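Quick notes on the structure that follows.
Computed over heavy atoms, backbone and side chain alike; hydrogens, waters and symmetry mates excluded. Everything numeric in this text was worked out from a predicted model, so none of it was measured.
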Amino acid sequence: MSENVISLHKNPDPPTDPDPVTTLTAVPDPAPAKPVPLWLRSGRAIRTAATHEHTRTAGRTVARHGLYVAGGARIVAKRAWDGRTAARYERYMRTAEAAGNFEAAAEWEERGQRFRDARHRRRMDLLHSPLDAAKGAAVTTGMGIGGLILIGVAMAVATGDATEVVTPLMAVIKFINLMVTIVQVVWGPAVSLAPFLALLALWVVGSKQQAAPAWALPDRVRNGEGEPITPSIVVKSLRDLGVPALRNAIKEMGDAGASMLSPIVLAGCGVEVDVTLPSGVSTIEVQGRRRKLAENLSRHEHEVFITIPTAARTVRLWVADSGALDEPIGPSPLVTDDTLTADYAKGKAPWGQDLRGDAASLSLYQRHLLITGLSNQGKTVALRSLALWLSLDKSVQFLMGDLKGVGDWAMFEGLAQVLIQGPTDEHVIQVTEMVEGAVEEMNRRIQAPPGTVFPPLIVLVDEAQVAFMCPAKDEDKRPYGGAKANSRYFMAVRKIHNQGRAVNVLMWQGTQDPTNENLPKLVREGAHTRASLALGTESQARMALGDKAVDGGAAPNLLRPGLDRGTLVVASDGITIPAGQSSITVRTHYVNDDDATAITDRAKALRDGVTTLTLIERGEERDPLADIAAVIADAPRLRTQDVIKRLSALDADAYGDWSPGDLTRVLDGTGAEPYKSDGRMVVGRDQITRALAHRDTDGSASGA
């Protein structure tokens, strides 16, 4: 069994015994594989080579350069046709008509007619040019020969040699013979090279204009990466935007649709162009298709900004270089310049850069401030960088409430007069009382003699939505949060907004995710400077910046959460905004905690020393039950009205507004509740004494 393999397996078909029988069975060797035919192997190799990436790249390269020549020939032919005919004037005239500019259309028609008249005169002149040329040549030749002979005569007289008369003429003849010889030598190679030079010239024109189909272009250009923004690309992008009136108007304009565009100019890390829309196309139709326009321009949505300038029926496009907005903008001057100081009244805070790459500085003089945006988008850092700059003006005072309480503002301890940090209701109460204290200071300043100059007082509340949504109430049942007329925080902010600016008491707030619940309308509209980082919806953008800014192109809801951290849209007269726009996009500098601490250390060195309060003093706490026992100690019982009067006399601030209901609420459950005697509600002295003793005993027991 040398040619077989012995294998141990179960017999698949036992004759009688139901149990499987294990036997040794000879299994033949598998049949040898048949060789693959040569023609099949060759075909596979050819197919692999033909579909390989290198082969396809080489094929695209050959096709691309060949098509550059064809495209260049087409472009040169079109230019020649435009130069010889009135075709370009016809296009310009159709463009002006499509845009509704009939004066420009009439002007282009007149120019076209002048071109035709001049062309007709040139053609008529060609009919007489051969005869005129012959006459001119004969006269010129005769004068030339005569002049040469005269020169020869002068030379003969001077030398005494009569043969010198023909010397100048023979010199010219020899020079002409030399030129003919040179032409004879060069003509053959020039004729042979001329087609190649012509093809090279056409290739250069075609390659510069990328005159080849998209499939043949290099990967970088085919994918749109780094594709330059040209008038033709902008026009095509607008044509394919999905606005029928715009598409039809551009089709009527022909290739001259670029006349809708202003010159494309460099603007920071991108380019800017104004587009005058044809009649029947509104600016909002273009604004509403920002994503599609960006994709048509081979850009991401966040790399295209659409604003409305002053010119009617015009949109301004700012298109970033691919990937430019993902690059950092560099450190703040607050960090790099140790000698930098601030001037509240005349200076501007270095905040960041606009999209053009220019420095964006914000004036804070007598302007209430509101910064909003989604969580973790850089709101606190943006707000803090303004406070850091202003802290370098030693005349500025700060009252600060951080309702997040994670230490973002801890470096202002020893710099701010008040610094409250924490997210609880108790912290909201403290912050509210801080703002109410600022209102009292504002009222004091308002009542001061005219002409009195007051130092700037910045009342800053970060995470202000915590205050607006706080459910806590005071002893008089007045809520601290909310947006009603009895809301303590809301009303304090409104009072500062109404009158604080005149006496340099300013309200700065930072808040998350603006809604009517956590950022009331009156508070939003009271801020002179409104800025927003990335938001979720357009309605939130309108709450943050106002309808005017959003209608003018402001779109913080289109910023990318996380990726555009620190980028905000600003609506304020305190920052330089391009003419005709209602907002500006700013990429703010990032100042980390260590750098912020270093800046506040410099600010503290400018001051004599500030003691920072971390809690607001509220005065003496009263014990209502003990006070009730004290005021009725001289009578076995006392009417509830008399008890309230005595309590008010004891402490008007604590009990001046009490009603019988408040008295009942305090005594409820103590066993000393008011009861009727002779038809009137009274409070018994003995019951109050027992309730007070019982409470103190329970307190001692529990304390032990």
Side-chain angles (χ1 to χ4, degrees), residues 267-270 272 305-310 316 318 325 329-330 332-334 340-373 377-393 396 456 458 460 497 501 504 506-511 524-535 541-542 544-556 558-559 564-591:
C269 57
E272 189 174 78
F305 288 81
I306 305 174
T307 54
I308 309 299
T310 53
R316 178 168 294 161
W318 185 86
L325 294 183
I329 65 170
S332 170
L334 291 169
L340 186 67
T341 59
D343 187 337
Y344 162 75
K346 300 179 181 179
K348 290 188 174 182
W351 211 8
Q353 293 181 2
D354 62 15
L355 295 178
R356 290 174 169 268
D358 299 329
S361 301
L362 180 67
S363 172
L364 303 173
Y365 178 66
Q366 292 189 346
R367 290 178 176 88
H368 301 303
L369 176 67
L370 172 65
I371 299 181
T372 186
Q377 298 305 308
K379 170 179 52 61
T380 296
V381 173
L383 183 62
R384 189 176 67 183
S385 64
L386 298 177
L388 288 171
W389 176 79
L390 201 55
S391 70
L392 297 175
D393 183 341
V396 178
I458 307 300
L460 189 152
H497 278 177
R501 177 177 177 271
N504 283 333
L506 303 177
M507 191 75 207
W508 290 11
Q509 295 184 97
T511 181
R524 301 195 304 259
E525 296 179 349
H528 303 98
T529 296
R530 300 167 70 173
S532 176
L533 294 107
L535 290 173
R542 292 184 180 275
L545 300 176
D547 292 336
K548 180 181 179 181
V550 175
D551 291 338
L558 297 181
L559 295 174
D564 289 327
R565 185 179 290 110
T567 299
L568 46 76
V569 183
V570 186
S572 172
D573 61 351
I575 193 170
T576 302
I577 297 178
Q581 297 181 199
S582 57
S583 65
I584 186 172
T585 301
V586 176
R587 303 172 68 196
T588 58
H589 295 295
Y590 175 71
V591 181

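When side chains are defined from C-beta on, D573 counts as touching R367, because their heavy atoms get closer than 4.5 Å. In this structure the side chain of T585 never reaches within 4.5 angstrom of the side chain of W318, judged on heavy atoms.
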For this session: Verify side-chain contact (heavy atoms from CB on, under 4.5 Å) between I575 and K348, making sure each step is shown before the conclusion.
Result: CA-CA 9 Å; I575 193 170; K348 290 188 174 182; over 6 Å; no

Exercise. Going through the distances and angles, do D564 and L533 end up as a side-chain contact (heavy atoms from CB on, under 4.5 Å)?
Worked result: CA-CA 8 Å; D564 289 327; L533 294 107; over 6 Å; no

Problem set entry | Test log, rule side-chain contact (heavy atoms from CB on, under 4.5 Å), inputs L386 and W508 | CA-CA 10 Å; L386 298 177; W508 290 11; 4.1 Å; yes

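Put simply, CD1 on I306 and CZ on R316 are 13.0 Å apart, with the number rounded to the nearest 0.5 Å. If you take OG1 on T372 and CG on L383, they are separated by 11.5 Å, rounding to the nearest 0.5 Å. Distance check, rounded to the nearest 0.5 Å: OH of Y344 to CD1 of I458 gives 6.0 Å. Distance check, rounded to the nearest 0.5 Å: CG of L388 to CG of L334 gives 6.5 Å. Residue T511 holds its OG1 atom at 7.0 Å from NZ of K379, rounded to the nearest 0.5 Å. To the nearest 0.5 Å, atom CD of residue Q366 and atom CG of residue L506 are 7.0 Å apart.
The shortest non-hydrogen separation linking T341 to W389 is O-NE1, 3.7 Å. What you find for A267 and E272 is that their closest heavy atoms are CB-CB, 4.0 Å. Annotation for T567 and L559: closest pair O-CD1, 3.4 Å, computed over non-hydrogen atoms. Between A554 and L545, the shortest heavy-atom contact is CB-CD1, 3.9 Å. Of all heavy-atom pairs spanning A360 and V586, the tightest one is CB-CG1, 3.8 Å. Scanning both residues, A541 and P556, for their nearest heavy atoms gives CB-CG, 3.7 Å.
Distance alone, capped at 3.5 Å, places no donor-acceptor pair between the R524 side chain and the L370 backbone. For T588 (side chain) and G566 (main-chain N/O), a donor-acceptor pair under 3.5 Å exists by modelled atom type. At distances below 3.5 Å, at least one donor-acceptor pair connects side-chain atoms of W351 with backbone N or O atoms of A382. Remark: side-chain polar atoms of R530 are not paired, donor with acceptor, to backbone N or O of A571 under 3.5 angstrom.
Ring planes of H528 and H368: parallel class, angle under 30° (limits at 30 and 60°).
Side chains of D358 and Q353: a donor-acceptor N/O pair is absent below 3.5 angstrom, by distance only.
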